[in-house]
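Keep in mind the model is a prediction, meaning the values are calculated, not measured.
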Amino acid sequence: MKKIYKGQPGYMRSRKLKLGFASLSGFLLMAIIFIIGYAIYQTPKNYFTIPAVIVVLPTAKVFVQYLMVSWKNNVVPEEFEALSKKVNPLPLYCELVITAMEKSFEILYLLIDKDENIIAYTQKQEKVDTDKFEKGVTNFLNYYDYDARVKLYTDLKQFEKKAVYLAGRNSELSEEQLEHVQTVFEKISIMSI
């Protein structure tokens with residue numbers, strides 16, 4: 001089975017399944033340890049209860065992540081491929097949940113050019129605070145000494161138009177410039193689950 005990384009199509013579904021399996025495994029392990037202790041000592045007050053409780057803490061953390069990951073933030077493969085071809089040679093990233101300024105944003109597409117212009121698209125139309133996203137990502141990247149300009153779109157046509165424009169300005173990219181784009185994305189992906 002091929003590993004899917006952040007920013008690739010199918011990442012959210014893969015992440016949700018992994019977190020769900022890890023949560024289920026942790027809760028089952030806790031139950032097994034507790035049942036073994038109860039079967040041996042005939043009381044819940046035994047030494048097996050301690051490791052059972054210790055297993056609950058990391059499992060609960062994984063379960064909270066499972067609840068945060070959205071099933072809805074998946075790209076249509078054909079749409080992703082078509083958009084990727086339009087913005088070539090810039091890499092198009094997708095399926096991210098970015099936390100900026102204490103708010104989560106479901107980002108369907110993200111594009112970064114060699115000059116650290118970052119544009120993103122979210123499907124959510126209602127109550128999207130684009131300023132919080134833009135300021136949050138900009139401030140985070142400023143910490144790493146990047147001079148990024150960030151824009152969040154809620155209209156796919158506007159995003160696509162700007163993405164094609166940026167790709168036209170970045171038609172000839174060196175290996176070093178592509179590596180720089182990847183490095184900026186790696187910093188942004190720290191903000192994503």
Would you give the length of the straight line joining atom [atom1] of [X] to atom [atom2] of [Y], rounded to the nearest 0.5 angstrom?
X: Phe34; Y: Leu29; atom1: CZ; atom2: CG; value: 14.0 Å
X: Asn88; Y: Lys86; atom1: CG; atom2: NZ; value: 13.5 Å
X: Leu111; Y: Lys151; atom1: CG; atom2: NZ; value: 15.0 Å
X: His180; Y: Tyr146; atom1: NE2; atom2: OH; value: 6.0 Å

For the backbone of [Y] and the side chain of [X], can you confirm whether one donor and one acceptor N or O come within less than 3.5 Å of each other?
X: Arg149; Y: Asp115; answer: yes
X: Ser14; Y: Gly10; answer: no
X: Glu134; Y: Leu152; answer: yes
X: Thr122; Y: Ile107; answer: no
X: Ser189; Y: Glu186; answer: yes
X: Arg13; Y: Tyr11; answer: no
X: Asn142; Y: Asp145; answer: no

Quick check: is [Y] connected to [X] through a chain of hydrophobic side chains (ILVMFWY, heavy atoms under 4.5 Å apart)?
X: Ile190; Y: Leu96; value: yes
X: Tyr38; Y: Phe48; value: no
X: Leu67; Y: Met30; value: no
X: Val56; Y: Ile32; value: yes
X: Val97; Y: Met68; value: yes

Between [X] and [Y], what is the ring plane arrangement, given parallel below 30°, perpendicular above 60°, and tilted in between?
X: Phe105; Y: Phe133; value: perpendicular
X: Phe27; Y: Phe63; value: perpendicular
X: Tyr109; Y: Phe80; value: parallel

From CA spacing to verdict: side chain to side chain contact (heavy atoms under 4.5 Å, CB included), Gln177, Glu172: CA-CA 10 Å; Gln177 290 168 328; Glu172 303 273 332; over 6 Å; no
Full working for side chain to side chain contact (heavy atoms under 4.5 Å, CB included) between Arg15 and Gln65: CA-CA 10 Å; Arg15 182 80 175 148; Gln65 288 181 356; 3.3 Å; yes
Step-by-step side chain to side chain contact (heavy atoms under 4.5 Å, CB included) determination, Leu141 to Ile188: CA-CA 7 Å; Leu141 291 174; Ile188 293 172; 4.1 Å; yes
Worked check of side chain to side chain contact (heavy atoms under 4.5 Å, CB included) between Ile40 and Asn46: CA-CA 9 Å; Ile40 293 171; Asn46 61 62; over 6 Å; no
Gln42, CD: over 12 other non-hydrogen atoms inside 6.0 angstrom: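 Count over threshold, so yes.
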OH/Tyr144: more than 12 non-hydrogen atoms of other groups inside 6.0 Å: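 More than 12 heavy atoms, drawn from other residues, nucleotides or ligands, come within 6.0 Å of this atom.
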